[in-house]
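Here the structure is laid out as structure tokens; the discussion comes afterwards.
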Amino acid sequence: VKSNIDDSIKTVYEKSILRKIIGNIKNGSIAINDIILNVEEKIEYQYKNKGPLQFATGFYDLDKELINLNNYHLFVFAGRSGMGKTTLVSNIALFNSQQKNSNVLFFSLETTKDEIVKKMISSIGQVDSNKIDLGKLEQNDLKRLNEVMEKLKEINIINCAPTSLA
């Protein structure tokens, strides 16, 4: 890659684009030997663990369908309101935080932080969220919810919500 920009390029805009491309090539270049080492480590991991290094949902049938989704990717779940996106994703976040001991960043554009955590507590404690909302908890429900809240304090989930929902 030529480090000096050819004078035949007439516009400042073209020059700035070319500088950006050259900078990206220099900054993002990785020797193939380093890439091979990374691929080799992944192959070895998959061989030892008899399966792919993949993102897991905790739902066996869904994991089979999502076999090509790898860790370190950004996952976006979209759909109409009330379709269960937040519930599904909160369960996936809990699974990865608890079972896989992973750090999870979780946010919703339509659900507040408190609502997300309440759904998690309700799900793990197996207490109907309507009972929580209506204040119709029994003593054993309250005991389970308190135990769940203590466990949740130890997991690695960072919960973000837009300021307007906070």
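Model, not experiment: these values are computed from the prediction.
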**Q.** Ion pair check, Lys136 and Asp128, cut-off under 4.0 Å
**A.**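 The answer is no: the pair does not qualify as a salt bridge.
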(Q) Check Lys118 with Glu115, please: is the shortest side-chain N to carboxylate O separation under 4.0 Å? (A)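 No, Glu115 and Lys118 are not salt-bridged.
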Reported [atom1]-to-[atom2] distance for the pair [X] and [Y], which is rounded to 0.5 angstrom:
{"X": "Leu137", "Y": "Leu145", "atom1": "CG", "atom2": "CG", "answer": "6.0 Å"}
{"X": "Thr111", "Y": "Lys119", "atom1": "OG1", "atom2": "NZ", "answer": "5.0 Å"}
{"X": "Ile124", "Y": "Ile155", "atom1": "CD1", "atom2": "CD1", "answer": "6.0 Å"}
{"X": "Asn91", "Y": "Asn96", "atom1": "CG", "atom2": "CG", "answer": "11.0 Å"}
{"X": "Thr86", "Y": "Ile116", "atom1": "OG1", "atom2": "CD1", "answer": "6.0 Å"}
{"X": "Gln98", "Y": "Lys151", "atom1": "CD", "atom2": "NZ", "answer": "8.0 Å"}

Q: For residues Val127 and Val148, determine if any side-chain heavy atom of one lies less than 4.5 Å from a side-chain heavy atom of the other.
A: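 Of all side-chain heavy-atom pairs linking Val148 with Val127, none is under 4.5 Å.
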Q) Is the closest side-chain donor-acceptor distance between Asn156 and Ser97 under 3.5 Å? A)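 Ser97 and Asn156 do not have a side-chain donor-acceptor pair below 3.5 Å.
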Q. Taking the side chain from Lys143 and the backbone from Glu138, do they hold a donor-acceptor pair closer than 3.5 Å?
A. no
(Q) Tell me if a side-chain donor or acceptor on Lys85 pairs with a main-chain N or O of Gly79 at a distance below 3.5 Å. (A)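 Yes, Lys85 side chain to Gly79 backbone: donor-acceptor pair under 3.5 Å.
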Q | Shortest non-hydrogen contact between Ser129 and Ser122, atoms and distance | A | N-OG, 3.4 Å
Q | Joint cluster assignment, Met149 & Ile132, ILVMFWY side-chain distance < 4.5 Å | A | yes
Q) Are Phe95 and Ile121 linked, directly or through other ILVMFWY residues, by side chains that come within less than 4.5 angstrom of each other? A) no
Q. Which is it for Arg144 and Asp141 under the side-chain contact (heavy atoms from CB on, under 4.5 Å) test, yes or no, and what are the steps along the way?
A. CA-CA 5 Å; Arg144 278 200 315 272; Asp141 294 332; 3.1 Å; yes
(Q) Using a 6.0 Å cut-off, check whether atom CE of Met83 has over 12 heavy atoms from anything other than its own residue. (A) no
